[in-house]
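Input: a single structure, listed below in structure tokens.
None of the values given here were measured: they were computed from a predicted structure. Throughout, protein chains are lettered first and strands after them, A, B, ... in sequence-line order, and every chain is numbered starting at 1.
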Amino acid sequence: MIQTLKQSIQEAFKDLFDHSLSLDEVKIENTNPSFEGSFTFVVFPFLRVTKKKPEESGELIGAFVHAKMNEIASFNVVKGFLNFSLTQEYWLSYLGELNQLERLGNKVREPKKIMVEYSSPNTNKPLHLGHVRNNLLGYSISQILSYYGHEVIKANLINDRGIHICKSMLAYQMFANGETPESGNIKGDHLVGKYYVAFDKAYKEEQAQLIESGLTEDEAKNQSKLMADAREMLTKWEQGDKGIMVLWNQLNNWVYDGFDISYARMGVDFDVYYKESQTYLLGKSMVLEGLEQGVFFKKDDGSIWVDLTDDGLDQKLLLRADGTSVYMTQDIGTADLKYNDYHMDQSVYIVGNEQDYHFKVLKLVLQKLQKPYADGVHHMSYGMVELPTGKLKTREGKVVDADDLMEEMHATAKERTIEQGKADGLSTDALNELYETLGLGALKYFLLKVDPSKRILFNPADSIDFQGNTGTFIQYTYARCSSILRNAEHEVTMPGSVKLETSEIDLIAHFFKFDNVLEEAANHMSPALIAQYLYDTAKNYNSFYNQCSILKAETDSLVKMRLVLTRITARMIETCGRLLGMKMPDRM
RNA sequence: GGUUCCAUAGCUCAACUGGAUAGAGCAACUGCCUUCUAAGCAGUAGGUUCCAGGUUCGAGUCCUGGUGGGAUCACCA
């Protein structure tokens, strides 16, 4: 349809102005809602070609296209904007097509194999709100890419080694008295996180004492026994010390058990797990290889660096003087391992924008090593979640815990449902499922509707809304559609000719935009575009619902057509909701 | 200080990548349940798009320079 319109305009230029335009030059936009019409062609850029005033040019082109295409009911020109309205017949036949579709939305023409790495937690503490945004973004982006037709591998890279892990291990040895998740009746990741915080507390006390005894801050840091112990533990770990390995495995397994529960509740999953402990050695060897090839250089103390000053960056450390690896080292190794496993076209990292620099370096390093996958490395950078007091910091207890948050959302959903008197007639199990669907739906929509690149300010004092532009509103609309479809006695098939109201045309025209939205969302990896579209879908439907009677419409044909509208709305909401990882309730 | 991202209604966010009179939600106010789910709908009010220039038919969007904020520039991960 858009294609035909473009061709007609192309012909109009040929005929009227003897000028050939490529189809790419002809841009069709959606008409601004405050004007009449559905599609708009802006003539301003072509005034040099038409050599006429904007209005006159618009009229000429409009008349030409109108005569040529019988889908076009009318056109109007406002200043340099040529607006086309389509006929009722066209919209009806389009609705009929939609009703036949197995699946809503076009697929990508050239599918790619894409790995999406997300979550990537550290095993020294439980997940917090920041991870929740990461998990939801990663999962949703995977869903969108996959639905659009790409082959997607969801990967989770677990940071299971390093000094931070040793800190919680050390504190566990010192303070835990052998506490286990069972004995303490505490989720494994929370148990380990507790000792990570305990380490920080003990460390701060130690520092305060040292400073009190007359040392400067720097001296105090250097003389810290706790930090020295942690470093020693890291060295022992790298040497494979038996006792350390046992402790390490035990704590990590507790954390994994905890994560599994949180992931399951969030509704996210992974196709493959990588662990830093399995990739850092590979990274080291790649760095040494690069050194041999002369891509990197060695400083006098034996540390290995890459010089990126020609690329506008600084020199960057790749391997410490003592030969131990840094963050970059393991990421180089992981990139290689991933590619050897899957040979994907693109490798997407869902990681916060605080690491923009890191990923710039990583990509450059891989390019310098002439890895075939280097160009496919893409950092999907997103904004941090912050509290009114600033960044989330587990060590300082300034954190919104993921499990607590999900539990609160569930509780609030329960409260609201009971308040509304909608909890009657459902079993306890069904109600619990509903609260979970509503609570998590509100949370997911809240985090995903925001442009990923922007940071989110989360104020724990004001709870996440259940009214207005919220997940609940979307779910409510879905439940409303379901209810109507349940009560319908007619078949949901397209009738013959019926007259469409404005609100009905608006809704159909809105469906028309979905292909475009899906493509944009996939190309930009932006669930926010889907969320926005979902909201508009619900908004349009509710407006229609309030203006038009569906089951009691004047004629059977009207009832059928409106049921089709309802069914497609429900499918659209369900489809888009799935792309965001949101479940839809049949009733609420 | 270098690099980089951001600044839109009281608050939280949009604006189809340069298009028409900058739109939603929350909060405030006014209507609408004997009728398919009122967690809804319709409406009122709320704006010098941080400031100053520039580019052009046209700028919240692009360029330059300010102001304010975030991130990063570690032998931390």
Side-chain angles (χ1 to χ4, degrees), chain A residues 27 29-35 40 42 44-45 47-48 54 78-81 83 120 122 124 159 161-165 276 299 301-305 312-314 316-322 324-328 330-331 352-358 360-361 381 383-384 386 390-391 413 416-417 419-420 422 438 442 446 449-451 453-459 462 465-470 472-477 479-488 513 516-517 520 524 528-529 532 535-536 538-539 542-553 559 562-563 566 587-588:
Chain A
K27 290 202 172 120
E29 300 171 26
N30 294 315
T31 302
N32 183 309
S34 44
F35 295 88
T40 295
V42 186
F44 282 120
L47 295 182
R48 238 171 262 148
V78 182
K79 291 192 246 173
F81 299 90
N83 304 320
S120 307
N122 294 322
N124 61 335
N159 289 290
R161 60 165 287 276
I163 190 78
H164 54 301
I165 311 288
E276 190 191 342
K299 287 196 175 174
D301 62 4
S303 56
I304 298 176
W305 297 70
L313 304 176
D314 300 321
K316 186 82 188 171
L317 176 81
L318 298 178
L319 209 56
R320 291 191 187 102
D322 63 7
T324 57
S325 66
V326 290
Y327 185 35
M328 188 61 71
Q330 60 105 351
D331 262 6
N353 61 13
E354 57 186 358
Q355 292 186 32
D356 286 356
Y357 185 79
H358 172 81
K360 238 185 240 178
V361 173
S381 165
M384 302 276 96
E386 289 177 24
K391 271 184 81 168
R416 296 301 308 266
T417 305
E419 240 171 63
Q420 304 249 350
K422 296 194 173 183
L438 295 181
F446 175 82
K449 74 170 176 180
V450 183
D451 184 324
S453 66
K454 294 195 173 175
R455 63 194 173 120
I456 293 184
L457 227 94
F458 179 81
N459 189 348
D462 355 310
D465 275 331
F466 283 74
Q467 256 159 14
N469 187 355
T470 63
T472 315
F473 172 69
I474 314 286
Q475 291 171 322
Y476 176 75
T477 308
R480 177 178 257 177
C481 291
S482 299
S483 167
I484 291 170
L485 294 169
R486 263 199 308 276
N487 294 331
K513 296 177 192 166
N516 197 25
V517 171
E520 292 279 309
H524 291 81
L529 296 176
Q532 185 67 36
Y535 178 66
D536 290 337
K539 196 84 187 143
N542 283 321
S543 186
F544 151 73
Y545 172 90
N546 272 272
Q547 279 170 49
C548 304
S549 188
I550 297 166
L551 296 176
K552 290 174 187 158
V559 173
R562 288 175 181 171
L563 280 172
T566 301
R587 57 188 82 208
M588 63 187 273

Checklist entry - With nearest nucleotides of RNA chain B determined for K316(A) and N32(A) from heavy-atom distances, which residue corresponds to the more 5′ nucleotide? => result N32(A)
Next on the checklist: For a quick check of understanding: with a heavy-atom distance under 4.0 Å over all strands, which category does N353(A) fall into, base, sugar-phosphate or nothing?
Outcome noted: sugar-phosphate
Checklist entry - Does the side-chain ring of F44(A) sit on the six-membered ring of the G19(B) base, less than 5.5 Å centre to centre and under 30° in tilt? => result yes
Next on the checklist: Syn or anti for U17(B), given that syn means the glycosidic angle lies within 90° of 0?
Outcome noted: syn
Item to check | Identified pairing partner of A9(B), criterion: Watson-Crick or G-U wobble below 3.5 Å | outcome: none
Item to check | Distance below 4.0 Å between K454(A) side-chain N/O and A14(B) OP1 or OP2 | outcome: yes
Checklist entry - Which whole-number value in Å describes the distance from I474(A) CD1 to A24(B) P? => result 16 Å
Item to check | Integer-rounded Å distance: G25(B) P and D465(A) CG | outcome: 12 Å
Next on the checklist: With the stacking rule set at 5.5 Å and 30°, tell me whether F81(A) counts as stacking on A20(B).
Outcome noted: yes
Checklist entry - Roughly how far, to the nearest 0.5 Å, is the OG atom of S120(A) from the CD atom of E276(A)? => result 10.5 Å
Next on the checklist: Does either side chain, that of N159(A) or that of H164(A), offer a donor lying less than 3.5 Å from an acceptor on the other one?
Outcome noted: no
Checklist entry - Does N124(A) offer a backbone N or O that forms a donor-acceptor pair with the side chain of N122(A) under 3.5 Å? => result no
Next on the checklist: Measuring from the side chain of T40(A) (C-beta onward, heavy atoms only), which nucleotide among A20(B), U37(B), C76(B) has the closest atom?
Outcome noted: A20(B)
Item to check | Under 3.5 Å donor-acceptor pair, S543(A) side-chain atoms to A42(B) base atoms | outcome: no
Checklist outcome for this item: When Q467(A) and Y545(A) are each assigned the nearest nucleotide of RNA chain B, the 5'-most assignment goes to Y545(A)
Checklist entry - Does any nucleotide pair with G65(B) by Watson-Crick or G-U wobble geometry, both distances under 3.5 Å, and what is it? => result C51(B)
Checklist entry - Counting any heavy atom closer than 4.0 Å, what does S381(A) reach on the DNA or RNA strands: base, sugar-phosphate only, or nothing? => result nothing
Next on the checklist: Taking pairing as Watson-Crick or G-U wobble with both contacts under 3.5 Å, can you name the mate of U37(B), or confirm there isn't one?
Outcome noted: none
Checklist entry - Under 4.0 Å between a side-chain N or O of R320(A) and OP1 or OP2 of C76(B)? => result yes
Item to check | Flag side-chain contact, heavy atom, 4.5 Å: T472(A) against Q467(A) | outcome: no
Item to check | Syn/anti state of C6(B) by chi, 90° boundary around 0 | outcome: anti
Checklist entry - Within the structure shown, what part of the strands sits under 4.0 Å from E276(A) by heavy-atom distance: base, sugar-phosphate, or nothing? => result sugar-phosphate
Next on the checklist: Heavy atoms from C-beta onward define the side chain here; which of A39(B), U72(B), C36(B) lies closest to that of K552(A)?
Outcome noted: C36(B)
Checklist outcome for this item: As its Watson-Crick or G-U partner within any shown strand, both distances under 3.5 Å, A28(B) has U44(B)
Next on the checklist: Is the base of A24(B) stacked against the aromatic ring of Y535(A), taking ring centres under 5.5 Å apart and planes under 30° as the test?
Outcome noted: no
Checklist entry - Tell me, do T477(A) and Y545(A) make a side-chain contact under 4.5 Å, heavy atoms counted? => result no
Item to check | Pair partner, C16(B) [Watson-Crick or wobble, under 3.5 Å] | outcome: none
Checklist entry - Does the side chain of V517(A) come within less than 4.5 Å of Q532(A)'s, by heavy atoms? => result no
Item to check | P-based separation of A52(B) from A59(B) [nearest Å] | outcome: 15 Å
Checklist entry - Is a donor-acceptor pair below 3.5 Å formed from side chain N83(A) to base A20(B), judging by atom type as modelled? => result yes
Next on the checklist: Under 3.5 Å, is there any donor-acceptor pair linking the side chain of T417(A) to the base of A39(B)?
Outcome noted: yes
Checklist outcome for this item: As its Watson-Crick or G-U partner within any shown strand, both distances under 3.5 Å, A59(B) has none
